[in-house]
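Below is one structure, written out as structure tokens, with a few remarks after it.
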2 protein chains.
Amino acid sequence: MAAPLEIASSSPRARQALEHAERLCQERGVRLTVLRRRVLEIIWSHARPLGAYAILDVLRDDGRAGAPPTVYRALDFLLEQGLIHRLASLNVFTGCCQPDRRHGGQFLICRDCGQVDELNNTQVECLLNDEADARGFEVLTQMIEVLGRCPNCWQGVTHRAG
Amino acid sequence: MAAPLEIASSSPRARQALEHAERLCQERGVRLTVLRRRVLEIIWSHARPLGAYAILDVLRDDGRAGAPPTVYRALDFLLEQGLIHRLASLNVFTGCCQPDRRHGGQFLICRDCGQVDELNNTQVECLLNDEADARGFEVLTQMIEVLGRCPNCWQGVTHRAG
DNA sequence: GGAGAAATGTTATCCTATTGCTTCTTTAAA
DNA sequence: TTTAAAGAAGCAATAGGATAACATTTCTCC
């Protein structure tokens with residue numbers, strides 16, 4: 001089992017993402033509660049996407065009581081607000097880099113180290129929308145997951161955790 | 001729970017898919033056993049993609065003993081041979097329309113009726129490969145799932161099962 | 001026919017996710 | 001300030017998806 005690298009929650013990108021989330025939620029009139037904020041922080045504080053139960057473990061380390069629904073409800077909220085994405089192929093969750101813009105995710109997922117890179121290729125998005133239109137299909141969300149090996153891993157400099 | 005419509009296994013598309021599979025496996029020197037063939041047939045005989053446990057139920061109706069690994073091993077084989085695809089967002093399996101050509105799947109998935117339509121947009125495939133290349137990422141497979149509503153469903157003629 | 005490989009049977013277990021109900025907290029109105 | 005209603009979180013149980021480990025059977029090829 002890969003032990004995800006914990007990153008200081010005060011890392012620039014984590015702090016920035018949290019501030020951004022606070023602002024967005026305020027604008028939208030929805031509540032980024034302590035729990036929801038903490039779950040988002042946990043996600044952003046790790047180098048690799050986490051599963052729900054891994055997040056739950058971290059919450060328990062915090063000393064907080066918790067069962068699966070605790071985490072899943074927080075994740076549902078964050079997903080609804082577009083603050084995180086779910087990678088269906090791995091059953092894990094990762095922070096969204098553009099929570100302002102509604103979009104399905106486009107991800108490069110490293111099979112070896114689990115690292116994830118988010119793309120934002122609007123041309124791909126449009127092509128798929130066009131194909132759907134042509135078939136009279138109404139698009140709600142797009143989900144693109146490209147599985148492969150990141151530069152570090154195929155160059156032999158494996159950063160495999162564990 | 002949606003009770004998937006069973007289609008006669010002798011339906012043209014199912015028969016054709018099975019013949020195609022037989023031929024491919026023979027060419028490749030791999031064994032399309034009775035079990036594997038039957039699982040493929042079950043998948044092609046239903047209007048909507050099935051989960052592993054739904055397939056298992058059908059096998060049991062056949063009178064065949066079976067536990068989850070029975071099905072999962074058959075599915076693994078069919079996936080390896082590119083005869084089926086797995087829709088990660090729904091944990092279901094669907095027949096592949098182009099088992100000759102190695103390709104990740106591109107799917108329009110109807111949120112309401114569960115029906116699935118497979119695309120084969122090579123332009124999208126290439127764009128994603130290019131993006132990956134530009135980042136030094138080696139692509140193994142692409143997985144594209146577009147969730148929405150099919151023409152039947154958004155026009156109100158819901159074919160929702162159940 | 002027999003050895004080795006491949007496929008399947010069997011049991012148990014793990015991981016992921018949800019349901020239903022209770023309790024606590026927040027919000028806004030009286 | 002009290003209070004009703006809504007929203008969020010706690011909690012227990014369970015459903016659903018997938019795999020591990022090992023035994024047994026079947027196939028293939030010599």
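Only heavy atoms go into these numbers, but all of them, side chains included; no hydrogens, no water, no symmetry mates.
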Length of the line joining [X]:[atom1] and [N]:[atom2], which is rounded to integer Å:
X     : N      : atom1 : atom2 : value
A/L32 : D/dG7  : CG    : P     : 17 Å
B/I55 : D/dG17 : CD1   : C1'   : 12 Å
A/F93 : C/dT16 : CZ    : P     : 10 Å
B/L75 : D/dG17 : CG    : C1'   : 12 Å
A/N91 : C/dT18 : CG    : C1'   : 14 Å
A/R37 : D/dA9  : CZ    : C1'   : 18 Å
A/L56 : C/dT18 : CG    : C1'   : 14 Å
A/L90 : D/dT19 : CG    : P     : 12 Å

Would you indicate what B/A67 reaches in the nucleic acid, counting non-hydrogen atoms under 4.0 angstrom: base, sugar-phosphate, or nothing?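 Base, at least one base heavy atom under 4.0 Å.
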
How about A/N121 and B/E131: does a side-chain donor come under 3.5 Å of a side-chain acceptor?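 Present: a donor and an acceptor within the cut-off.
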
Looking only at side-chain N and O atoms, does B/Q98 offer a donor or acceptor that is under 3.5 Å from a partner on B/R101?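 Present: a donor and an acceptor within the cut-off.
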
With a 4.0 Å cutoff (strictly under), does any side-chain N or O of [X] reach OP1 or OP2 of [N]?
X     : N      : value
A/R64 : D/dA9  : no
B/R86 : D/dA18 : yes
B/T70 : C/dG9  : yes

Assess whether a salt bridge exists between B/E22 and B/R36, defined as any Lys/Arg side-chain N lying under 4.0 Å from an Asp/Glu carboxylate O.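 The answer is no: the pair does not qualify as a salt bridge.
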
Want to settle it: does B/V34 or A/R31 sit nearer the 5' end of DNA chain C, counting the closest nucleotide to each?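 Per heavy-atom nearest nucleotide, the more 5' residue is B/V34.
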
Start at the 5' end of DNA chain C and walk down; is the nucleotide closest to B/P69 or to A/P68 reached first? B/P69

A/Y72 ring over C/dT18 six-membered base ring, under 5.5 Å and 30°: no

Can you figure out which of C/dA17, D/dA18, C/dT10 approaches the side chain of A/Y53 most closely?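 Of C/dA17, D/dA18, C/dT10, C/dA17 is nearest to the side chain of A/Y53.
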
Contact between A/D62 and A/R38 at the side-chain level, heavy atoms closer than 4.5 Å - yes or no? yes

Before giving the answer on salt bridge (Lys or Arg N to Asp or Glu O under 4.0 Å), spell out for B/R23 and B/E19 the whole-Å C-alpha distance, their side-chain angles and the decisive distance to 0.1 Å. CA-CA 6 Å; B/R23 200 171 343 116; B/E19 282 168 19; 5.4 Å; no

5' precedence on DNA chain D between A/T33 and B/D76 (nearest-nucleotide basis): A/T33

Donor-acceptor pair present, A/R73 side chain and D/dG7 base, under 3.5 Å: no

